Amino acid sequence: MTIQQKAFAILVSILIFVIIISLVKKRRLREEYSWIWLLTGGLMIVLVLWYDLLLFLTHLIGAVLPTTTLFIFAILFLICLALNFAIKISLLTDQVKNLSQKISMMEVDSAKEAVESQPEGKGSKPG
Amino acid sequence: MKKTCIIIPAYNEAGHIASVLSGIRACTDSDILVIDDGSTDSTAAKAQGAGAIVIRHPFNMGYGVALQTGYKYAVKKHYELLVQMDGDGQHRAEDIKELCKPVWAGHCDIAIGSRFLSSAHYRLGILKSLGRRLFCTLIRIFTGERMSDPTSGYQCMNRDVFTYFAADSFPWDYPDANVIIMLDRAGFRIKEVPVTMRRNVEGRAMHRGLFTIGYYLCTVLLSILVTVIGKNGVADRSEGGSR
């Protein structure tokens, strides 16, 4: 790995760290979702600095070039991330549905109660 | 007389809902619940004006969700019998009594109105006809039951069934032939009753176009697959709550 490649990878990793920390600080990203990005940045630094580990992984998965290993892991990471978000969206859809149903039913009940309590108020005169 | 609720999911049905409700009123004095699924027209106002209880969804969530809102309401209000029908006037209110009879008598837990058992001739399009045949075959394979109209939305069910449907396991995205297999596997008794259905004169069918029908078929097939793979695909009858 050339020195330029190493410098570029480390710069990108540090940039990811800074952006994530600032997003969490501004409350625009929940801590729950931030750790996976921080982990990605950390992993990138480790692989860049510890080149032998990248070579070992390349040999382990039967890839020819270390860059192929990086791309394979990047794609795997994105697939896992997309799946994770699909699960979250399914859960949120269910929650929105249940909440909407509950609110809709509560509105009917409160409207009914309002209609039932109306004649009493109209009939009674002060004094 | 059992406490009965008639539920009608409706989305932009302002043109039909009043006549559908007056038709039902002429046949039965049961409570009528219209679930307005985020209509942008005056469906809710017209249904309320015609004397129905109206539940309004804050936005459009689909036919299955609207149905499930009706089931949940029926569970909450302790109804004993539930009839579901469409708001576009396709289902005839005159058939309600015949549909309810077997459930009332305890011969089955759910009665499904079949347009293909009646003497009136009803023709579907090629794609829908193929889909119907496919679902009938799958139901026959997985349940042993001979069904003629597995996609019919005209149904009458007892409290056990709608309590079961009110639970999270209900496939609200596309409740169709998969539901019949689910019910059979959960031990509910299903029966078909001949009914006459009117043709949808405006052609406003729920599933239109090659892509929509194809997507719908694939989703229902996937749901059937999940239902038939092991026991995990079928929720326990008691999952819906107290019976």
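Atom set for the values below is all heavy atoms of this structure, side chains included, hydrogens, waters and symmetry mates excluded. Note that the structure is a prediction, hence the values are computed from the model and not measured. Chain naming here is simple, since letters A, B, ... match the order of the sequence lines and numbering starts at 1 in each.
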Atom pair [atom1] ([X]) and [atom2] ([Y]), whose distance is rounded to the nearest 0.5 Å:
| X | Y | atom1 | atom2 | result |
| --- | --- | --- | --- | --- |
| B/W172 | A/D94 | CH2 | CG | 5.5 Å |
| A/K102 | B/T69 | NZ | OG1 | 12.5 Å |
| A/K97 | B/M61 | NZ | CE | 8.5 Å |
| B/Q68 | A/Q101 | CD | CD | 5.0 Å |
| B/I53 | A/K112 | CD1 | NZ | 5.0 Å |
| B/D37 | A/S100 | CG | OG | 10.0 Å |

Could you check if a side-chain atom of A/S104 sits within less than 4.5 angstrom of a side-chain atom of B/H57, using non-hydrogen atoms only?
->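 Yes, at least one pair of side-chain atoms sits under 4.5 Å.
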Quick one: are A/N98 and B/D168 in side-chain contact, heavy atoms under 4.5 Å?
-> yes
What do you reckon, is [atom1] of [X] surrounded by more than 12 foreign heavy atoms closer than 6.0 Å?
| X | atom1 | result |
| --- | --- | --- |
| B/K76 | NZ | yes |
| A/F77 | CZ | yes |
| A/I3 | CD1 | no |
| A/F8 | CZ | no |

Do you know which of B/V54, B/I35, B/V65 has the most heavy-atom pairs with chain A at a distance under 4.5 angstrom?
->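 Of the candidates given, the most pairs with chain A belong to B/V65.
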Verify side chain to side chain contact (heavy atoms under 4.5 Å, CB included) between A/V108 and B/K77, making sure each step is shown before the conclusion.
-> CA-CA 12 Å; A/V108 173; B/K77 298 293 174 188; over 6 Å; no
